[in-house]
Amino acid sequence: MSWKDQIKQDKLPRHIAIIMDGNGRWAKRRGKLRIFGHRNGVKSVREAAESAAELGVEFLTLYAFSTENWSRPRSEVNALMSLLVSTIHKEIKTLHDNDISLKAIGDLQSLPPAIYKELQDAIKETAHHKRMSLVLALSYSSHWEITDAVRKIAQKVSDGKLVPEDINADLLSKHLTTRDIPDPELLIRTSGEFRISNFLLWQIAYAELYFTNKLWPDFRKEDLYEAIVDYQKRERRFGKTSDQVK
Ligand code: IPE
Ligand code: IPE
Ligand code: MG
C-alpha cells in the first residue's frame, strides 16, 4: 500500500511546517555551486504545496530564509533573493491552479524592495483562494518575532491601552506574525539535522517533530505522505495520561 493510501483523512494535520534544509549539500555532492541546490529545491516546494493542498491540509508553512541566513556570503544571499522573485513570479500559476493563497511571515520590511513588492502583489492576487494557505517564512526567526511581539505589548502598556495583568499566552500569540494561523501539528525537517534553527519556537510547543535524511531537493510527494502517516501513529497527550486521551 502506498503511503498516500495509509493516510487517515479524519486525522489530517491542519497545519504542516517544513524546515527545507540541505540544498547546499545536494549541490556539493554533484560538484555544483550551492545556488544549483537552491534552484533544484523549487520543484520540491511545488510538490509539497500541491500534495498538501490535494490532501486538504489548510496551512503549509515553509522556512525559506532565516534572519541568520543574512550572514551568508553576499553572493549567495543575492542569488537566493533573485531566485525568490523569479519563483514567486513563475509559480503564481501553480497557486491559482490549486486554489492556494500566499502569505508571508517574518521581518518582511528587511527584504529588498523588489522582492517585497513581488511578494505583496502575489499575496494580493491570491488572497481569494480558499483551499490552502501557503505561508513563506522570510527573514524570519522566532527570536525576532517574539522580541517584536513583546515590544508591541510593552508599547500598549506604556500607552495605557493594556495593563500587565492582561498579558497571557493568548495575548502574546495575538502579537506574533502568525496571529491568524493555527499552530502547526507537524513540523518536518529535511537533511538529517536535528535542530529547530529559530523556527516557530512558540508555535511548536506541542507539534510532533519529524526528521528525515532526505535533502530538500530530493523531497517528493511520497515523502510528505510518509511524514503524515508517521504523525498519525503518534499519541498526542498534551500533558495528560494515555488513558485520558484514549
Ligand atoms: C536550505 O538549504 C535553504 C536555505 C537555508 C536558504 P541550505 O542552503 O541550508 O543547505 P545546506 O544545509 O548547506 O546543505
Ligand atoms: C534553516 O536552515 C533555515 C532555513 C531552512 C531557511 P539553516 O541551514 O540556515 O540552519 P542551520 O544553520 O543549519 O541551523
Ligand atoms: Mg542548511
Side-chain angles (χ1 to χ4, degrees), residues 14-21 23 38 41-42 44-50 52-53 57-70 72 76-149 151-152 172-184 186-189 196-204 207 216:
R14 281 185 74 193
H15 182 182
I16 299 175
I18 308 183
I19 301 174
M20 312 184 285
D21 197 19
N23 296 351
H38 297 314
V42 175
S44 308
V45 171
R46 198 183 307 125
E47 293 240 339
E50 281 179 352
V57 172
E58 292 170 56
F59 297 88
L60 177 69
T61 299
L62 301 177
Y63 203 7
F65 194 85
S66 72
T67 309
E68 288 77 18
N69 289 150
W70 289 113
R72 291 191 177 193
E76 181 168 345
V77 172
N78 290 343
L80 270 168
M81 289 297 145
S82 37
L83 180 65
L84 207 64
V85 197
S86 64
T87 305
I88 294 171
H89 197 77
K90 273 192 222 142
E91 296 299 327
I92 198 108
K93 189 178 176 319
T94 311
L95 299 177
H96 288 313
D97 290 349
N98 289 280
D99 196 15
I100 298 173
S101 65
L102 188 71
K103 293 185 167 57
I105 56 170
D107 185 10
L108 306 180
Q109 307 289 343
S110 70
L111 294 168
I115 297 180
Y116 183 80
K117 188 182 180 298
E118 191 75 43
L119 187 66
Q120 294 302 340
D121 289 351
I123 290 171
K124 260 186 234 138
E125 264 182 60
T126 60
H128 60 287
H129 289 311
K130 291 277 174 281
R131 187 150 72 147
M132 187 180 81
S133 294
L134 176 66
V135 186
L136 292 183
L138 287 171
S139 192
Y140 175 89
S141 74
S142 289
H143 284 186
W144 167 80
E145 178 182 48
I146 295 169
T147 308
D148 185 64
R151 192 183 304 112
K152 284 178 178 142
L172 200 117
S173 293
K174 290 199 170 85
H175 286 81
L176 299 173
T177 50
T178 51
R179 66 187 70 87
D180 301 320
I181 303 170
D183 288 346
L186 171 60
L187 172 71
I188 298 171
R189 183 173 188 143
I196 304 299
S197 304
N198 223 343
F199 189 42
L200 301 177
L201 295 181
W202 174 275
Q203 298 87 341
I204 60 166
W216 180 249

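Heavy-atom basis, side chains included; hydrogens, waters and symmetry copies ignored.
Residue His143 qualifies as open at atom NE2: its count of foreign heavy atoms under 6.0 Å is 12 or below.
With a 4.5 Å cut-off on side-chain heavy atoms, Pro182 and Glu58 do not count as touching. Two residues are said to be in side-chain contact when any heavy atoms from C-beta on lie closer than 4.5 Å; Leu84 and Leu138 meet this criterion. Taking 4.5 Å as the limit, every side-chain heavy atom of Thr61 sits out of range of all side-chain heavy atoms of Pro184. For the pair Trp70 and Ser139, the minimum side-chain heavy-atom distance is below 4.5 Å. Proximity of Ile105 to Leu176: side-chain heavy atoms (C-beta onward) are nowhere separated by under 4.5 Å. By the 4.5 Å heavy-atom criterion applied to side chains, Met81 and Leu111 are counted as neighbours. Between Glu68 and Ser197 the shortest side-chain heavy-atom distance does not fall below 4.5 Å.
Residues Trp202 and Ile146 approach most closely at CB-CD1, 4.2 Å, considering heavy atoms. Ala49 and Met132 make their closest contact through O-CE, 3.5 Å (heavy atoms, listed as atom of the first residue, atom of the second, distance). Among all heavy-atom pairs drawn from Asn23 and Trp216, the shortest one is OD1-CB, 3.4 Å. Across all their heavy atoms, Phe199 and Ile19 have their closest contact at CD2-CG1, 3.4 Å. Residues His175 and Arg179 share a closest heavy-atom pair of O-NH2, 4.0 Å. Asn198 and Tyr140 get closest at one heavy-atom pair: O-CE2, 3.7 Å.
The CG atom of Leu186 sits 5.0 Å away from atom CD1 of Ile16, with the distance rounded to the nearest 0.5 Å. Rounded to the nearest 0.5 angstrom, Tyr63 OH and Leu187 CG are separated by 11.0 Å. For the atom pair CG of Leu134 and CD1 of Ile123, the computed distance is 10.0 Å after rounding to the nearest 0.5 Å. Taken from CG in Leu172 to NZ in Lys152, the straight-line distance is 11.0 Å, to the nearest 0.5 Å. To the nearest 0.5 Å, atom CD of residue Glu50 and atom CG of residue Leu95 are 10.0 Å apart. Interatomic distance, Leu136 CG to Leu102 CG, rounded to the nearest 0.5 Å: 5.0 Å.
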Working for side-chain hydrogen bond (donor to acceptor under 3.5 Å, both in side chains), residues Ser101 and Thr126: CA-CA 5 Å; Ser101 65; Thr126 60; 5.5 Å; no
side-chain hydrogen bond (donor to acceptor under 3.5 Å, both in side chains) between Thr94 and Asp97, intermediate numbers included: CA-CA 5 Å; Thr94 311; Asp97 290 349; 6.0 Å; no
Test log, rule side chain to side chain contact (heavy atoms under 4.5 Å, CB included), inputs Leu201 and Ile196: CA-CA 8 Å; Leu201 295 181; Ile196 304 299; 3.7 Å; yes
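Ring planes of His15 and Phe59: tilted class, angle from 30 to 60°.
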Can you give each donor-acceptor pair under 3.5 Å made by side-chain atoms of residues 112-121, sequence neighbours left out, with the distance rounded to 0.1 Å?
{"residue": "Lys117", "atom": "NZ", "partner": "Asp121", "partner atom": "OD2", "Å": "2.8"}
{"residue": "Glu118", "atom": "OE2", "partner": "His89", "partner atom": "ND1", "Å": "2.9"}

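At distances below 3.5 Å, at least one donor-acceptor pair connects side-chain atoms of Arg131 with backbone N or O atoms of Asn98.
In this view, Gln203 and Glu145, Thr178 satisfy the side-chain hydrogen bond (donor to acceptor under 3.5 Å, both in side chains) rule, not counting sequence neighbours.
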